[in-house]
Amino acid sequence: MAILVTGGAGYIGSHICVELLRIGEDVIVLDNFSNAKPEVIGRIKQIAGRDFPARAADVRHEAAVRQVFADYDVEAVIHLAGLKAVGESQVLPLRYYQHNVAGALVLCAAMQEAGCKTLVFSSSATVYGAEGPVPFREDHPLSAVNPYGRTKIMIEQILRDLHASDSAWRIASLRYFNPIGAHESGLIGEDPLGTPNNLLPCIAQVAAGRRPRLTVYGGDYDTADGAAVRDYVHVADLAQGHVSALTYLRGYTGAEAFNLGTGRGYSVLELVSAFAAVSGRPIPYVIAPRRAGDIAVCYADAAKAEKILGWRTRRSLRQMCADAWRFTRTMLETAK
Ligand code: UD1
């Protein structure tokens with residue numbers, strides 16, 4: 001029996017595949033490669049030293065998704081395929097509801113039809129909205145300030161309804177805080193096609209000399225240094241969180257949400273100086289006005305995942321930066 005990873009060629013999905021293969025699970029990837037390069041599949045195989053099937057298909061394509069369940073014995077699904085750019089979701093809301101919500105519906109229907117009822121869903125801390133108090137606990141009221149966030153809330157709700165209708169479902173919604181870092185091999189990492197939106201790839205581009213400076217959005221927040229604070233979590237720790245969730249679901253029926261974060265926040269400026277120290281490169285920056293929709297401070301209460309899943313993060317901010325920098329250099333070398 002195998003684990004189907006939708007979006008398995010993406011930043012987080014590729015690290016999950018590596019971790020699953022490492023512990024001896026069989027993996028099938030479904031990815032439309034809209035924000036990932038096909039070479040990533042070869043790199044996952046290289047790191048893991050194992051082969052696995054990868055299908056280039058969109059999770060919204062009913063026939064393609066059904067075919068996967070017809071062709072393979074799928075024990076469980078880790079569902080990451082979806083769009084994640086907040087700004088774009090405000091300009092193109094229908095695209096986000098289509099890809100994320102309709103995609104989840106197609107997948108769940110195919111799972112139900114095939115009798116596969118174990119699902120780990122890639123959710124986000126964005127479901128906590130703009131109001132504290134921090135740290136965010138899983139029972140914090142859900143709200144969202146943009147269509148992207150609303151798709152995550154809607155899908156979580158759909159999954160709760162699904163479990164209410166059929167108690168055989170085993171569902172974990174994992175609410176990621178800010179995944180950064182890369183695999184220690186330097187072979188896979190965050191490599192968005194086009195201009196990055198998230199902070200770490202922007203910092204890495206400045207360190208690599210591909211951008212003159214970083215724009216720091218907001219220097220007047222009510223925080224120690226005035227910059228916004230986030231809970232940065234190493235993507236390899238995050239990947240292990242999925243394995244812990246999967247192991248937990250094998251002995252549990254229900255629909256539960258878990259925070260995946262470290263439980264501690266760092267400011268944008270702290271991340272910049274950690275990255276500068278690790279890379280030995282200057283990272284010039286300018287402080288600009290706050291970015292619309294940003295909140296000042298966001299970090300996890302990570303107690304539930306530790307208590308129930310037995311999962312906690314192990315890698316430091318320094319290691320996150322060192323691994324991200326190694327990956328950046330690999331990318332620059334291969335681009336030469
Ligand atoms: C963002 C999304 C969130 C999503 C997550 C993962 C917003 C408002 N939120 O989280 O919903 O789940 O990505 O994709 O977009 N920053 C800079 N300069 C930059 C880029 C970012 O100062 O060039 C700052 C931001 O203002 C923020 C922090 O860095 O304070 C982190 O930003 P980012 O990496 O985009 O993550 P979030 O905004 O926390």
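Note that this is a predicted model, so its numbers are computed, not measured. Ligands are counted one by one from 1 in listed order, and the atoms in each one are counted from 1 as well. Along the sequence shown, residues carry numbers from 1.
- For Arg291, the salt bridge (charged side-chain N to carboxylate O under 4.0 Å, His left out) partners are Asp294, not counting sequence neighbours.
- For His140, the ring-ring contact (aromatic ring centres under 6.0 Å, His included) partners at least two apart in sequence or on another chain are Tyr128, Phe136.
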Output block, N or O contacts of ligand 1, threshold 3.5 Å exclusive:
unit_1, atom_1, unit_2, atom_2, d
ligand 1, 11 (O), Thr126, OG1, 3.1
ligand 1, 12 (O), Ser124, OG, 2.8
ligand 1, 12 (O), Tyr148, OH, 3.3
ligand 1, 14 (O), Asn198, ND2, 3.4
ligand 1, 15 (O), Arg291, NH2, 3.3
ligand 1, 18 (N), Thr215, O, 2.6
ligand 1, 22 (O), Thr215, O, 3.4
ligand 1, 22 (O), Tyr217, N, 2.9
ligand 1, 26 (O), Asp294, OD2, 2.5
ligand 1, 34 (O), Leu199, N, 2.8
ligand 1, 35 (O), Arg291, NH1, 3.3
ligand 1, 35 (O), Arg291, NH2, 3.0
ligand 1, 36 (O), Asn178, ND2, 3.1
ligand 1, 38 (O), Arg291, NH2, 2.7
ligand 1, 39 (O), Asn178, ND2, 2.9
ligand 1, 39 (O), Arg230, NE, 2.6

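- Judged by the 6.0 Å and 45° rule, Arg230 forms no cation-pi pair with Tyr299.
- In plain terms, the two heavy atoms of Gly8 and Cys17 that are nearest each other are O-SG, 3.8 Å.
- With sequence neighbours excluded, no residue satisfies salt bridge (charged side-chain N to carboxylate O under 4.0 Å, His left out) with Asp161.
- With a 6.0 Å cutoff to the six-membered ring centre and a 45° limit on the axis angle, Arg264 counts as a cation-pi contact of Tyr266.
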